Structures are given as C-alpha cells and as structure tokens.
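Report on one structure; see the data block that follows.
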Amino acid sequence: MQTSDPHSPHSSDAPEARRARILDRLSRQGEVTPADLARDLGVSVQTLRSDLRALEEAGRIRRRHGRATLPPAPDNISYLRRSTLNEGEKARIGARVAALIPDGASLSLGTGTTVEACARALMRHRGLRVFTNSIAVLTALKDAPEVRVTLSGGQVRLRDLDMIGAEACEFFAGLRPDFAISSLGGISADGDLLDFNMDEIRLRRALMQGAAVRILVADSSKFGRSAAHAFGRVSMAHHFVTGGAVPAVVAADCAASGCRLCRVAPEGEGKPL
C-alpha cells in the first residue's frame, strides 16, 4: 500500500486544500486516476479515495471505471441576468478599454456583458471596423454613426445572444484586426482562465490569435468563479482590464509576461498596477 511521504510539500495539506487541488487538476486534465493523484499529492491511495468520495457526495466530481471526472458543466447564467450584475463596474472597464482604441481601428469583439460594455463605450469613435459574434454588441452599436459592424455566421444561442460553432470560429480565424477584446467564464485561484464549454474556448482562441493587440476583460465576479475547462493564462493578452481585487498569482503572471494590468478604481479612473 502506498503511504504518505512526510517530506512531500502536499502531504500535510488539510483535506479542504487537498480537495481544491484535486478539482484544479480535473479542470486541467479532464479525468484522473486515484493512483496518479495519490502519487502527485503525496498521500496514500486510501486517503485519496476518501477525498474523492467526499467530493462525489458533494456533487463536485463523478467516479466511473476507476477514474474521476468533473460533472457536466452547468451553463453560464442567462445573459439577461448577467447584464444586471456589476453594471457600473463593467461600464468603467468599458471606458478604460475604449481609451486604448484609436479612431480608425479594426477590432474583434467576443461575447459577454463586459464586452458589450466595451462596445457601448466605443459608440463615439470614428471610422471603426468591428467584427463580432455577439448580437448584443451589434445592438449596442446600432446607433453609432461611424462604426461599421460585421456579424459572424454560426449557430444562434438566444440565451447568450451570440453565434457559436465552427462557422463563427472560422470567421475570427481569418481576421487580422488591430485589437481583439475578449472576456472569460472565470479565473481560478491558481490563475487559470476558465470557461464553460469547449465551443466557447475555441471561439475565444480564434478571436484572440490573429489580433495585433489582445485585450482581456473581467469584472470582479470572475475571480474564484469555477467552470469546467481551463484554456490559458492572462499572459496570453497584452492588456488585462478588471474591476476586481487582483490575486497575487494573476498580478505575477502579468508582470512576468509584460501584460499590462489595469484595475479600474471605484471612482471610475483606470489605475495601472
């Protein structure tokens, strides 16, 4: 029987901390075996199985055929409900992002209520060319006199007011805009960017990859919010604009990569960190 290694950095973790590490591993890998987890965490297989049993009883994981997996991800809350959360904070994020965009620029905008706030802040810009999969962004810019908007094809998600799928990904993959603005589903305690399903992740990657300048936006509700899939770090962006108290690991990622971190202050002024 495998026993705990007293010199392991994780062997003395409290059960809650150890189980958080298990969930983090599952968000990265999709599925794991008890033996692999026990070895990596420096605990016995018996202890690890006890952790898995507790997580399963709490509805946090599923166990099948000797492997642990995350349960199917719940959908994000509806767009209408999200649009009422942190409205002022999102407006301040939008204003800060708009200050980064010059007149005459081309930009790709993804989906989400924070990205919609960015679109609203761009209404007075001149000569913009906007490419988006978001019906909400299109609606936000419908009265902007000097903004030209192109909407992607794809499958319509009425609940999320956007287009998704292979056609939408191909639309963004073929673009080379000056800027791309994307949000995300959540940010883990370890600094991983999270989202609810692989369709959204594929689209976010396609949207960001061809842009000269990549801008990531997140309101404070995204920190510590769980979602099933990890897809990157803030270092994939050139700017990270948020209204939240930024965890140290995220700030360190920005510093190491050169990503400019900007926290929008409560009074509405962007404060570079």
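Since this is a predicted model, take the numbers as computed values, not measurements.
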Atom pair CG (L207) and OG (S182), whose distance is rounded to the nearest 0.5 Å
5.5 Å

Can you confirm whether more than 12 heavy atoms, excluding those of R49, are under 6.0 Å from its CZ atom?
no

Flag, side chain of T242 to backbone of A218, donor-acceptor distance under 3.5 Å
yes

Can you see which heavy atom on D195 is nearest to which on A227, and at what distance?
O-CB, 3.3 Å

Consider side chain to side chain contact (heavy atoms under 4.5 Å, CB included). Of V250, V246, D192, which one does I187 pass it with?
V250

Hey, are the side chains of V249 and D190 touching, using non-hydrogen atoms and a 4.5 Å cut-off?
no

Got N133 and F171 here, is their nearest side-chain heavy-atom distance under 4.5 Å?
no

Testing the basics here: between V137 and A119, what is the closest heavy-atom pair and its distance to 0.1 Å?
CG1-CB, 3.9 Å

A side-chain contact here means heavy atoms from C-beta on lying under 4.5 Å apart; do T69 and R64 qualify?
no

Just one of T114, V264, V241 clears the side chain to side chain contact (heavy atoms under 4.5 Å, CB included) bar with V97, so which one?
V241

Look up atom SG in C118 and atom CG in L100, then write down how far apart they are to the nearest 0.5 Å.
9.5 Å

So does M236 get a backbone contact from the side chain of R214, meaning a donor-acceptor N/O pair under 3.5 Å?
yes

Closest heavy-atom pair, A140 versus R120, reported as atoms and distance to 0.1 Å, is CB-CG, 3.8 Å

Heavy-atom donor-acceptor pair, H125 side chain to I101 backbone, under 3.5 Å:
yes

Has K90 got a side-chain atom pairing as donor or acceptor with L85's backbone, closer than 3.5 angstrom?
yes

Are side-chain heavy atoms of F179 and P102 found at a separation under 4.5 Å?
yes

Could you tell me if the side chain of L216 sits less than 4.5 Å from the side chain of H239, heavy atoms only?
no

Charged N-O contact under 4.0 Å between R25 and D36
no

Should V147 and L122 be marked as a side chain to side chain contact (heavy atoms under 4.5 Å, CB included) after you check the CA-CA gap, both sets of side-chain angles, and the distance that decides it?
CA-CA 9 Å; V147 179; L122 290 166; 5.8 Å; no

In this structure, CD of E116 is separated from CG of L138 (nearest 0.5 Å) by 11.0 Å

Separation of N86 CG from I93 CD1 (nearest 0.5 Å)
8.5 Å

Cut-off 3.5 Å, side chains only: do S134 and D162 have a donor facing an acceptor?
no

Could you state the interatomic distance from CZ (R53) to CD1 (I61), rounded to the nearest 0.5 Å?
10.5 Å

Indicate yes or no for a side-chain donor-acceptor contact from T132 to the backbone of L109 under 3.5 Å, with no hydrogens or angles considered.
yes

In the structure I gave you, are the side-chain heavy atoms of R67 and V32 within less than 4.5 Å of one another anywhere?
no

Minimum side-chain heavy-atom gap D199-Q155 below 4.5 Å
no

From R204 atom CZ to S108 atom OG, the distance as rounded to the nearest 0.5 Å:
13.5 Å

Compare all side-chain heavy atoms of I22 with those of L48 and state whether any distance is below 4.5 angstrom.
yes

Okay, side chain of R263, backbone of A245: is any donor-acceptor separation there less than 3.5 Å?
no

Looking only at heavy atoms, the pair that brings T111 and S183 closest together is O-OG, 3.0 Å

Intermediate values then yes/no, side chain to side chain contact (heavy atoms under 4.5 Å, CB included), L194 and R225:
CA-CA 8 Å; L194 307 176; R225 186 183 187 199; over 6 Å; no

Minimum heavy-atom distance I135-M163, with the two atoms named:
CD1-SD, 4.4 Å

I need the minimum non-hydrogen distance between F172 and F131, along with the two atoms involved.
CE2-O, 3.7 Å

For a side chain to side chain contact (heavy atoms under 4.5 Å, CB included) check, start with the C-alpha distance between L107 and D178, then their side-chain angles and the critical distance, and finish with the verdict.
CA-CA 6 Å; L107 56 158; D178 299 319; over 6 Å; no

